[in-house]
Structures are given as structure tokens and as C-alpha cells.
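Every chain is numbered from 1, with letters handed out A, B, ... down the list of sequences.
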Amino acid sequence: MKIATYNVNSVNARLPVLLRWLQESAPDVVCLQELKAIQENFPEEAIRNAGYTAIWHGQKSWNGVAILSRVGNITERCRVLPGDPEDLHSRYIEAVVNGVIIGCLYLPNGNPAPGPKFDYKLSWLKRFAIHAKALLTEELPVVLTGDFNIIPTGKDVYKPERWVDDALFRPESRAAFQELIAQGWTDAIRQLHPEETIYTYWDFFRNAFGRDAGLRIDHFLLSPQLVPQLQKAAVDKQVRGWEKTSDHAPVWIELKD
DNA sequence: ATGTCATAAGATTTATGA
């Protein structure tokens, strides 16, 4: 099973790019983030015509997450991150597909840091850690994937010294990611490519893609039950070079059936 | 500080987020 994550940065503005990528990369399951569309404006018909069923949680202007599948029913488990009924952002959706629990997340950016947005990021991370730990106790195959908005280590950014005060690379954000690893989750990309320079995001500013000034912030965390099945992991970097593209590239893993 | 995109309100631009 090929599972992908893609922060589309507006699902409707990116629809031609999304459809072309679905056709060329043919993932079985897709997690999308930053739909930037209200619930009614999700392009369900175009995605169905591409061969995928979908569940999604939209929101006006910002955020929004979706799970697509072409390999079987999507059985929704929840569409918000548990733990704070006052958090109205559409940033998490979870479902079972083909016997695998798929958590699709769009973690808060958190800039500027420090400040209320960074506080929100850290509180979201605390809730996420509680939920992730509960998932591990189920001892089931689980993938937590999406835009984490965290640069895990200095190897995951073109110039780490420029990012030390940024919410994506602050010690608190890195520590929260390491805490997830310490719980028992496996960073799938690094499991298969421990030394390689791998980026998943390039800023729209200053020709960042042309200079390969990127960040690795889109991740796959696997529960122990899935690690033996991990076969491949890669970034569809070419998509970042297409016209009218997102600032993120799609990332995917392949699991043995 | 800058740069680029996207959205929304309501305007022929501005603000906000990323």
C-alpha cells in the first residue's frame, strides 16, 4: 500500500496539480492538508472521477484536512484532535483504511515565536502526544502523517543557524518531535534514508526551490506494528517545480501488503 | 526587512496567514 501526504495550500487553487500528481504517482491513500476551503467547496467530484473516495473536514479560509483512498472504504474514527472542545481549527482527521489507522494532521505553524501562536502550537503538540500514546496502546498498525511544521534536526534544513528562533525549529518543537519518537514511533523517511538530505517544503520567497533552500517538515510516524512492512519512502520533488504548485511537495511511503 | 501566494472583504486595494 502506497500512502502519501501532501500539503496542497488550497485544494481548489491546486486542483490541476493535484489531479496530475494523483495520475502520475498513483498513491493508494492520500492525506491532504491546508484545503483552505469550506466543507461544501471540497472538489469531491473531480477527486471521485480520479478514482478516489474521500472524507474531509473543511474550514473557512484556513486549515482543512482530508483522507483519500482508492483501495477500500474509509472508516472515519474522528475529525478533530481530542482534548480541547474550544479548538475549532480543522487540523486532524483519522480513519481506518485497509486495516491501517491513518491519522492526517496539520500542525500549527506557531510563528511568531514566542507568542500566542507558539503557545497554541505547543498546547496542540501536548494534546497530540497524549493521543499518539493512546494509539500506541492499541498495538495496531498506525500511520500519523501530514505537515508537522517541525524541522526535527539540523540535517533537515538548508541553513540551521538561520532557523534557531523560528517556531519550526525552536528547541521546544524539536523536543516535542523527539518525545513522539521516544514513545515508540518511527520516522519512516529517516528509517530508510538516515543520512540523505531530504526536503519536503521550499518557501515561495527568494527562489527557494531553485536554490534548494528547503525544509523537511512533512513526516510519517509509524507504529511498531508497521515498521517491518516499510519498503520505500520518497518525496515527489518534481511536483514542486510545476506551474501553480504548492510550497510543499508530496511525500509517500510504500508498505508491504 | 525582504520576498510570494492564497483567502476574504469589499474594492479596484488591504489585511492576514504561512
*asked:* Can you pull out the residues from residues 149-160 of chain A that lie within a 4.0 Å heavy-atom distance of DNA chain B?
replied: none

*Walking along DNA chain B from 5' to 3', note the first and the last nucleotide with an atom under 4.0 Å from a heavy atom of chain A, and give both.*
B:dT2 to B:dA18

_I want to confirm an ordering. Mapping A:Ser10 and A:Asp203 to their closest nucleotides on DNA chain B, which one lands closer to the 5' end?_
A:Asp203

*Would you kindly compare A:Pro108 and A:Thr245 by the position of their nearest DNA chain B nucleotide and give the one closer to the 5′ end?*
A:Thr245

*With no hydrogens and no angle check, is any side-chain donor or acceptor of A:Arg20 less than 3.5 Å from a backbone partner on A:Gln23?*
no

*C1' atom, B:dT13 versus B:dA1: distance in rounded Å?*
23 Å

*Only one of A:Trp202, A:Phe204, A:Tyr158 clears ring pair (Phe, Tyr, Trp, His ring centres under 6.0 Å) with A:Phe209; which?*
A:Trp202

*Gap in Å between the two C1' atoms, one belonging to B:dG10 and one to B:dA15, rounded*: 12 Å

_Treating A:Asp203 as the side-chain partner and A:Phe205 as the backbone partner, does any N or O pair qualify as donor plus acceptor under 3.5 Å?_
yes

*Decide yes or no for A:Glu94 and A:Cys104: does some side-chain heavy atom of the first lie under 4.5 Å from some side-chain heavy atom of the second?*
no

*Any sub-3.5 Å donor-acceptor pair from A:Arg174's side-chain atoms to A:Phe169's backbone N or O?*
yes

*Under 6.0 Å between ring centres, would you say that holds for A:Tyr120 and A:His89?*
yes

*Using salt bridge (Lys or Arg N to Asp or Glu O under 4.0 Å) as the criterion, list what pairs up with A:Arg127, not counting sequence neighbours.*
A:Asp87

*A:His219: which of A:Phe148, A:Trp185, A:Tyr201 passes ring pair (Phe, Tyr, Trp, His ring centres under 6.0 Å)*: A:Phe148

